[in-house]
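Here the structure comes first, spelled out in structure tokens, and everything after it is commentary.
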Amino acid sequence: MTSEPRMALSEPVSDEVRKTTCYMCACRCGIDVHLKDGKVRYIEGNRDHPVNRGVLCAKGSAGIMQHYAPARLRAPLLRTGPRGSGEFKEISWDEALSLATEWLDGVRESDPKKLAFFTGRDQSQSLTGFWAQQFGTPNYAAHGGFCSVNMAAAGIMTIGGAFWEFGAPDWDRTKLFVMFGVAEDHDSNPIKIGISKLKKRGARFVSVNPVRTGYSAVADNWIGIRPGTDGLLILSLVHELLKARRIDVDYIVRYSNATWLVIDAPGTAEHGLFLRDKDGKVQVHETVTEQVVPLGSAGARAGLYGRVELPDGRAAVPAFQLLAEKYLDPQYAPEAVARETGVPAETIRGLAAEIGRVAFDEAISIDQPWTDVNGQRHQSYVGRPVSFHAMRGLSAHSNGFQTARALHMLQVLIGAVDCPGGFRFEPPYPKPIAAHPTPHGKAEHFGSNKPLSGPHLGFPRGPEDLLVDPEGRPMRIDKAFSWDAPISAHGLMHMVIANAHAGDPYPIDLMFLYMANMAWNSSMNTAGVIKMLEDKDPATGEYRIPKIIYSDAYSSEMVAYADLVLPDTTYLERHDCISMLDRPISEPDAVQDAIRWPVVEPDRDVRGFQTVLLDLGARLKLPGFADNHGKPLYKDYADYIVRHERRPGIGPLAGFRGSSGDRAGRGASNPEQLQRYIENGSFFSAHIPLEAQFFKHANQAYQDFAVRMGFFDTPQPVTFQLYQETLQKFRLSAEGVREPLAPETHRTRILESFDPLPCWYRPFEEAAVSASEFPYHAITQRPAAMYHSWGSMNAWLRQIHTRNALYVPGPICDELGLASGDWVWVISHHGRIKVEIARMEAVNSSTIWTWNAIGKREGAWALDRDAPEARKGFLMNHLIHELLPPKGDGLRWSNSDPITGQAAWYDLRVRIEKAEPGEVSEPHFSAVAPARRHADELRYGQEWAK
Ligand code: SF4
């Protein structure tokens with residue numbers, strides 16, 4: 001808690017203040033909601049909240065306008081006109097839930113996989129995933145596949161955690177902070193608070209981003225990299241650090257797999273795998289006795305170099321030797337990558353030197369004895385005060401997984417993971433891959449009326465864990481965990497509608513979506529997706545995607561394409577839990593979770609989606625949702641949050657457990673738990689003792705703490721996987737030497753991208769199209785004041801961004817004779833849009849860009865027909881296809897990372913041509929009828945929405 005004195009407030013503006021958690025973006029700051037006469041009057045930051053400490057951003061304070069938005073849905077809707085017309089009739093909840101149950105029950109009885117249940121940016125995935133698991137469909141995921149699964153999967157597979165929700169820079173101690181590809185809407189208040197700490201201390205902040213706005217605008221150094229080449233830049237930094245021997249050898253020997261012996265036997269099924277003894281123990285080369293011994297043998301000094309001849313005639317080398325040989329190659333020298341990355345060689349060399357200098361010459365230490373998991377006592381924590389953060393700019397490319405892996409490898413090599421001044425894990429992370437499930441959804445796992453035997457999403461350990469049939473065909477509608485995208489740990493939501501429409505790999509009967517604007521800004525090829533949603537089978541006259549149930553709080557574009565709409569509440573009218581089972585709000589020094597609760601009651605006939613899901617689960621008599629007599633197990637979501645147990649004593653919330661509310665982590669459910677949270681400001685925080693705060697991956701005190709808190713039942717230390725054996729298993733399958741064999745069609749692609757050491761390859765779209773025909777990159781990002789499509793209909797936030805322009809670099813403007821206010825055609829291999837431009841200098845010279853999701857469809861979101869968002873706002877999505885360009889063999893890959901299936905939004909290549917001036921951006925779609933009439937004017941105290 002802050003010890004700073006509170007500022008005196010001016011005249012009270014409210015009768016009462018209720019503390020809850022913001023949901024105007026995903027940061028989950030604490031807010032004080034001021035109520036007057038039962039209405040929301042004002043929102044301010046909660047000064048005692050650990051996430052934001054009173055800081056509130058524009059979005060957070062504009063929550064009042066979100067809560068009273070004219071676009072709020074008022075009652076369940078049943079479609080009466082054709083899809084897309086927006087013609088509905090209001091129905092009762094009884095009717096809506098009966099109909100939904102009838103549809104869902106029919107699917108479950110006949111073939112549960114014919115339900116595709118996908119959720120957008122919801123924060124209740126531990127419930128929605130559990131519901132889908134109990135329903136028995138393999139087709140569930142949330143929005144991670146089109147957001148940042150590359151970051152999550154690469155981080156978890158390499159260091160056991162990832163940026164943002166699983167970790168953070170040590171803002172109080174870091175001396176050099178390097179940020180890759182982070183737009184200013186991301187982790188908004190925590191990063192702003194962190195950067196202000198750096199500025200106060202004089203620490204250096206370097207931003208690598210093609211566009212210099214937001215965070216990049218206040219960086220000490222801006223590196224305007226060419227999109228899709230960050231991996232090459234990072235590997236060049238590694239090259240320089242290896243050359244200069246700026247590597248923390250002690251750290252990588254202790255905490256990574258650098259010493260593990262890798263079998264060198266080309267053409268065999270074990271080539272490139274770790275050498276193991278008959279008990280499965282990894283082997284290392286002991287440098288004193290020159291023996292091969294099991295890892296962890298007492299007194300053994302494992303080597304980083306050298307080739308070992310094995311008794312069976314094969315050879316083995318330590319993983320680090322392969323690593324060093326690879327990255328010391330001149331192809332990674334700064335001069336060699338400068339042209340490709342657009343970053344001068346001297347800048348790369350300078351950044352590498354600065355990383356090495358700060359990590360080793362400015363090392364810091366905290367005098368706190370601690371014991372590692374091998375029983376060795378250390379007298380202090382040694383810190384390498386260099387920290388990194390990255391997000392979608394790295395992630396949303398077809399080479400994003402390997403790029404994120406490269407960044408984590410760099411962190412490990414300099415010894416800067418979970419040390420003072422470096423990147424620090426946030427509980428319940430770190431977590432080794434062994435503590436994650438494999439994906440579930442194989443044919444034997446699902447059947448009529450049976451739950452899946454485990455969670456949908458996980459991490460395959462090799463090709464044997466793929467969800468494919470005996471012929472190698474995908475088992476899931478999005479083709480996740482198939483040969484197309486083997487480690488798609490968050491699914492591929494961006495492929496669901498296209499695959500369902502094509503009946504590939506099979507048709508579905510019912511699509512159930514929550515909070516995902518798939519008919520507009522959340523889909524690639526938006527016009528195509530709209531057609532797919534409207535398309536009918538000429539033989540039957542039925543829609544190709546026969547039924548769509550959609551839940552949202554607002555009349556988004558997607559609402560018009562639903563057959564049945566279940567209206568959700570606003571975030572101030574609902575219970576939510578920001579759970580340790582999901583994506584909590586922990587800090588490196590504290591275990592933390594939070595709740596939302598109805599600080600005001602809905603004034604419409606709406607229900608929180610999670611309560612509705614529990615109701616549907618009970619009506620369907622799903623195990624875990626109804627008892628043996630078919631009676632509901634839970635009254636509503638609040639009841640579920642308090643009483644549900646995932647394992648004995650482990651529930652959605654970690655705080656105030658046990659009959660008297662004095663237990664943390666593990667403990668019996670406590671009927672007063674939610675009240676205790678509310679009294680505590682709607683969050684719970686448990687401090688991690690200092691002797692457990694650093695090196696959590698190998699710190700015995702932290703591991704014991706994690707077991708006490710219930711993250712694990714036994715200690716789960718993490719060994720950083722610089723060399724990724726799982727990827728090599730896929731390569732062996734692609735080489736045809738290891739079962740199961742990869743299909744011929746996929747072999748080249750796997751061999752080129754599944755390198756067990758981080759690699760860089762040209763993004764697929766860039767490689768597939770002509771550089772002269774499409775010479776520019778086109779990317780999007782979100783502004784600080786908006787968060788996806790929600791913000792751009794908010795009356796206050798619209799005053800900041802009412803429309804978006806296409807920002808074009810000065811040199812391109814000069815070359816094409818363009819000036820701000822001109823109109824251009826932007827043309828990709830897939831489509832064209834006509835938009836107004838603005839000249840900009842602070843951007844990579846081959847990159848045009850715009851703000852995402854400000855463009856709206858006329859009629860949606862209760863905006864006026866002539867709203868600037870609908871007339872001059874636009875989406876880049878029309879230029880991006882969900883499939884890569886044809887390559888002549890009849891097959892088209894999805895426009896995704898080949899390893900994780902992450903949507904490759906930022907691989908887009910375009911050209912621009914000057915156009916006649918216009919009044920309306922193109923394409924311009926016919927208006928959807930608003931889901932209901934609304935008042936013309938917003939005025940506090942009036943009945944805003946009729
Ligand atoms: S950063 Fe702003 S919008 Fe996001 S949770 Fe915090 S206050 Fe709300």
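Hydrogens, waters and symmetry mates play no part in the numbers below; they use all other heavy atoms, side chains included. All values derive from a computational prediction rather than experimental measurement. Atoms within each ligand, like the ligands themselves, are counted from 1 in listed order.
- Numbered from 1 in the order shown, with element, the atoms of ligand 1 that lie under 4.0 Å from a heavy atom of K59 read 3 (S).
- A salt bridge does not link K39 to D37: none of the charged side-chain nitrogens sits closer than 4.0 Å to a carboxylate oxygen.
- Salt bridge status for R424 with D589: present, with a side-chain N to carboxylate O gap under 4.0 Å.
- Counting protein heavy atoms only, atom 2 (Fe) of ligand 1 is closest to C57 SG, 2.2 Å.
- Ligand 1 lies out of reach of N52, whose nearest heavy atom is not under 4.0 Å from it.
- Relative to the ring axis of F130, R646 places its NZ or CZ within 45° and under 6.0 Å from the centre.
- For the ring pair (Phe, Tyr, Trp, His ring centres under 6.0 Å) with F205, the lone residue among W171, W222, F388, F177 that qualifies is F177.
- Here the protein heavy atom with the shortest distance to atom 4 (Fe) of ligand 1 is C25 SG, 2.3 Å.
- Each of the following atoms of ligand 1 lies closer than 4.0 Å to a heavy atom of L56: 7 (S).
- Using a 4.5 Å cut-off on side-chain heavy atoms (C-beta onward), D552 and P567 make no contact.
- Applying the 4.0 Å criterion to heavy atoms of G60 picks out, from ligand 1, the atoms 2 (Fe), 3 (S), 7 (S), 8 (Fe).
- Ion pairing between a basic and an acidic side chain is recognised when a charged N comes within 4.0 Å of a carboxylate O; R47 and E44 show such pairing.
- The distance from atom 2 (Fe) of ligand 1 to the nearest N/O/S atom of C22 is not under 2.8 Å.
- When V51, I43, D187, N189 are checked for heavy-atom proximity to atom 7 (S) of ligand 1, N189 turns out nearest.
- Listed by atom number, the atoms of ligand 1 under 4.0 Å from S188 heavy atoms are 1 (S).
- Ring-centre distance between F656 and Y677: below the 6.0 Å cut-off.
- When only non-hydrogen protein atoms are considered, atom 6 (Fe) of ligand 1 lies nearest to C29 SG, 2.2 Å.
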